[in-house]
Amino acid sequence: MDLFCEYADIIPDFPLFQASLRKPLPVHLRFNSLKIDPDALLFLLEEEGVQLEQSLPWTDTLFLARNLDSPGNLLEYFLGYIHPQALTSCLPPLVLDPAPGSFVLDMCASPGGKTSQLAQLMENSGIIIANELFWTRHVPLAHTLARLGVLNAVITAYQAQEFPLRNRFDYVLADVPCSGEGRFRSTGREVFHRLGKKEKKLPEVQKRILLRGFDLLRPGGEMVYSTCTYNPEENEAVVDFLLKNRDAALLPIHLDLPGEPGIEEWKGKRYEKDVRYAVRLYPHRVDSVGFFMARIGRKA
């Protein structure tokens, strides 16, 4: 069955893209330098027979585990030395790259993978506001932060689009709720993917979250907007809305990965040309979850 055919004109090598959706996701591990030296952990896991390959040449904390199906069963997982996380899911914190001692807002924090990665980059210094609206998600969020030894995070429960404007932040991460198309993989014979009414309303919520996140930035601050979906209405159209309504500028993203620029037109709608500075990541180019990212600052 054909998958995501409406995107055939914007996804390069579309048959390869469709074929990639029928392959299982690889297992990537993030080494937690808050608890253990990455080199020591690499030696420890290889001694246990785990076959590891560095995921990115510019960080020593992300590895592909070729022969590991259930990393959550490892002792190193319970000790907080490792965190299983899709490779592309690790990129927004790396692109945001908050400095130690910073004041950071993670607008939609649960289940805490990106929040804990921000704390790792900040060396457990400064403050992270880990915001999550739903109380039921605070338990897994708090568990993840505790297991990984995060000491600089405070959990709040505001609607992201209504987060109080009392403070301004050095960095804001808006990894927003989305339709999740990029996570879709199936190795079965019958393959379906359909958006419901709830998902079709997401762009309006995403626009409000992005505007509020931008309004929460300090002068000179930076923000990353990200989704795990292919839909331009949740990606470029949301960023375009920000560019048209705020004094915002898209900043270049430098990744040593085969990404595609943001698209400038979809279904007859033209977007601001700067959306090309966003990055699209597809599973047939980067064997992971499909992803979209935009790095945002204020105009000079």
Quick one: does [X]'s side chain get under 4.5 Å of [Y]'s, heavy atoms only?
X: Q85; Y: H28; answer: no
X: L96; Y: L121; answer: no
X: V289; Y: P283; answer: no
X: E236; Y: E265; answer: no

Can R147 be said to sit on top of Y77's aromatic six-ring, NZ or CZ under 6.0 Å from centre and within 45° of the ring axis?
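Cation-pi check for R147 and Y77: passes.
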Cluster question for you: counting only ILVMFWY and a side-chain heavy-atom cut-off of under 4.5 Å, with indirect links fine, are M122 and L94 together?
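Shared cluster, yes.
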List, by chain and number, the other hydrophobic cluster members for L251, where Ile, Leu, Val, Met, Phe, Trp and Tyr join if side-chain heavy atoms come within less than 4.5 Å, directly or indirectly.
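Grouped by the 4.5 Å side-chain rule, L251 forms a cluster of one, so the answer is none.
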If you group Ile, Leu, Val, Met, Phe, Trp and Tyr whenever their side-chain heavy atoms sit less than 4.5 Å apart, what else falls in with L64?
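When side chains under 4.5 Å apart are linked, L64 ends up in no cluster with other residues.
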Should we count CZ of F103 as having more than 12 external heavy atoms under 6.0 Å?
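Enclosed: over 12 neighbouring heavy atoms sit under 6.0 Å from CZ of F103.
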When you check the side-chain N and O atoms of R212 and Q161, is any donor under 3.5 Å from an acceptor?
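Result is no, nothing qualifies.
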By ring pair (Phe, Tyr, Trp, His ring centres under 6.0 Å) - contacts of F241 (at least two apart):
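Once residues adjacent in sequence are excluded, F241 has no partner under the ring pair (Phe, Tyr, Trp, His ring centres under 6.0 Å) criterion.
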State whether K267 and E6 are salt-bridged, where the test is any N-O pair (Lys NZ or Arg NE/NH1/NH2 against Asp/Glu carboxylate O) under 4.0 Å.
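The answer is yes: the pair qualifies as a salt bridge.
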For the side-chain contact (heavy atoms from CB on, under 4.5 Å) test, which of W266, F17, Y282 pairs with Y7?
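Going through W266, F17, Y282 one by one, the side-chain contact (heavy atoms from CB on, under 4.5 Å) with Y7 is satisfied by W266 alone.
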